[in-house]
K.L.:
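Provided herewith is a single structure, encoded as structure tokens, for subsequent inquiry.
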2 protein chains.
Amino acid sequence: MFNTVEIKDVKNEIGLLVKAIRKQRGLSQTQLAKSLDVSRTTIQNLELGKNFTVDTILKVLKEVDLLEQLNGKVVEAKDQVLNAKSLY
Amino acid sequence: MFNTVEIKDVKNEIGLLVKAIRKQRGLSQTQLAKSLDVSRTTIQNLELGKNFTVDTILKVLKEVDLLEQLNGKVVEAKDQVLNAKSLY
DNA sequence: CCATTATGACCATTTTAATGGTCAAATATA
DNA sequence: TATATTTGACCATTAAAATGGTCATAATGG
């Protein structure tokens with residue numbers, strides 16, 4: 001009934017997203033890892049849904065020009081919370 | 001000219017967002033940490049823009065019922081990439 | 001104002017992500 | 001098909017995140 005998304009699921013989806021982006025750009029894990037200055041193991045674990053640091057995913061997003069967009073979403077969400085407070 | 005957002009900046013904004021959400025809910029760092037089963041130091045570092053793991057931020061998002069929403073965005077982005085590929 | 005609570009800043013220790021390497025299987029390519 | 005490349009799965013080591021604690025200062029409430 002309830003579609004309960006678990007943390008594990010989200011990590012898996014993030015991994016699939018990164019893999020899709022990488023494939024779209026015709027890069028191997030090794031090539032992506034090199035351009036991000038991380039090890040291939042780090043990319044591999046990220047893509048396979050293991051735990052990883054925010055630095056790693058943000059490096060990926062910066063590489064594919066999605067960092068500004070994410071930042072915008074975060075700031076937007078933050079402002080929404082701060083504005084909601086002032087309504088009471 | 002170019003508003004170059006750096007990784008450090010995004011981590012800072014994520015920290016401010018978490019802090020804003022926590023304040024909105026009237027929780028102390030200690031209370032939030034306890035309900036997420038992490039240490040206060042972890043929450044503190046997250047809010048202050050240090051590096052942290054995806055597990056930590058996802059725990060926060062799950063706690064405030066934003067996990068499904070994020071998952072939707074990720075899946076959406078992934079599908080967009082996968083669909084774009086088939087257009088060529 | 002005083003007392004209480006919350007937070008930032010450390011620190012030592014433990015846990016775990018990141019690294020760099022190998023290897024076998026899968027996949028792409030010639 | 002044979003060959004080269006890629007990827008998943010390990011593993012030992014290193015780097016760093018998480019933990020649990022203290023302390024001083026800031027913020028909050030009575």
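A, B, ... follow the sequence lines: proteins, then strands. Residue 1 opens every chain.
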K.L.:
Closest approach to the side chain of Lys19(A), judged atom by atom: which nucleotide of dA6(C), dG8(D), dT19(C) is it?
P.N.:
dG8(D)
K.L.:
Tell me whether the side-chain N or O atoms of Ser39(B) pair up with the base of dG20(D) as donor and acceptor below 3.5 Å, since no angle test is needed here.
P.N.:
no
K.L.:
I need the CG-P distance between Leu27(A) and dA28(C), as an integer number of Å.
P.N.:
16 Å
K.L.:
So, do Lys34(B) and Leu36(B) sit near enough that their side-chain heavy atoms are less than 4.5 Å apart?
P.N.:
no
K.L.:
Regarding dG21(D), can its base be found pairing with the side chain of Arg40(B) as donor and acceptor, where the two atoms are less than 3.5 Å apart?
P.N.:
no
K.L.:
Pick one: which of Arg40(A), Lys23(A), Arg22(A), Lys11(A) meets salt bridge (charged side-chain N to carboxylate O under 4.0 Å, His left out) with Glu47(A)?
P.N.:
Arg22(A)
K.L.:
From CD of Gln29(A) over to C1' of dG20(C), roughly how many Å is that when rounded to an integer?
P.N.:
15 Å
K.L.:
Once you round it to whole Å, what is the distance between P of dT7(D) and NZ of Lys50(A)?
P.N.:
17 Å
K.L.:
Any base atoms under 4.0 Å from Asp55(B), or only sugar-phosphate, or nothing? Heavy atoms, all strands.
P.N.:
nothing
K.L.:
dT7(C) phosphate, OP1 or OP2: any side-chain N/O from Lys23(B) under 4.0 angstrom?
P.N.:
yes
K.L.:
Lys34(A) has an atom NZ; how far is it from atom C1' of dG21(C), in whole Å?
P.N.:
14 Å
K.L.:
Measure the distance from CG on Asn12(B) to P on dG8(C) and round it to the nearest whole Å.
P.N.:
12 Å
K.L.:
Give a yes or no on whether a salt bridge exists between Glu68(A) and Lys62(A), defined as a side-chain N under 4.0 angstrom from a carboxylate O.
P.N.:
no
K.L.:
Does a side-chain N or O from Thr56(B) land closer than 4.0 Å to OP1 or OP2 of dA18(D), or not?
P.N.:
yes
K.L.:
Using only atom types and a distance under 3.5 Å, with no angle test, would you say the side chain of Asn51(B) pairs donor to acceptor with the backbone of Asp55(A)?
P.N.:
yes
K.L.:
Please report the distance, rounded to the nearest Å, between CG in Leu46(B) and P in dT19(D).
P.N.:
12 Å
K.L.:
With a 4.0 Å cutoff (strictly under), does any side-chain N or O of Arg22(A) reach OP1 or OP2 of dT7(D)?
P.N.:
yes
K.L.:
For Asn45(A) and for Ser28(B), locate the closest nucleotide of DNA chain C by heavy-atom distance; then report the residue assigned to the nucleotide nearer the 5' terminus.
P.N.:
Ser28(B)
K.L.:
Compare the minimum distances between each of dA18(D), dA9(C), dT19(C) and the side chain of Thr42(B), then state the nucleotide with the smallest one.
P.N.:
dA18(D)
K.L.:
To the nearest angstrom, how far is Glu47(B) atom CD from dA6(C) atom P?
P.N.:
13 Å
K.L.:
Return whichever of Gln44(B) or Phe52(B) has its heavy-atom-nearest nucleotide of DNA chain D closer to the 5' end.
P.N.:
Phe52(B)
K.L.:
Tell me: NZ of Lys11(A) to C1' of dT16(C), nearest whole Å?
P.N.:
12 Å
K.L.:
Treat each ILVMFWY residue as a node, draw an edge where side-chain heavy atoms are under 4.5 Å apart, and state whether Phe52(B) and Leu16(B) are in one component.
P.N.:
no
K.L.:
Would you please confirm or rule out a distance under 4.0 Å between OP1 or OP2 of dA6(C) and any side-chain N or O of Thr30(B)?
P.N.:
no
K.L.:
Tell me whether the OP1 or OP2 atom of dA18(D) has a side-chain N or O from Lys59(B) closer than 4.0 Å.
P.N.:
no
K.L.:
Let's see if you can work this out: which of dA17(D), dT19(D), dA9(C) has an atom nearest to the side-chain heavy atoms of Leu48(B)?
P.N.:
dA9(C)
K.L.:
Just call it for Thr53(A): base, sugar-phosphate, or nothing, with non-hydrogen atoms closer than 4.0 Å on any strand.
P.N.:
sugar-phosphate
K.L.:
Among the clusters formed by ILVMFWY side chains lying less than 4.5 Å apart, do Leu70(B) and Val75(B) turn up in the same one?
P.N.:
no
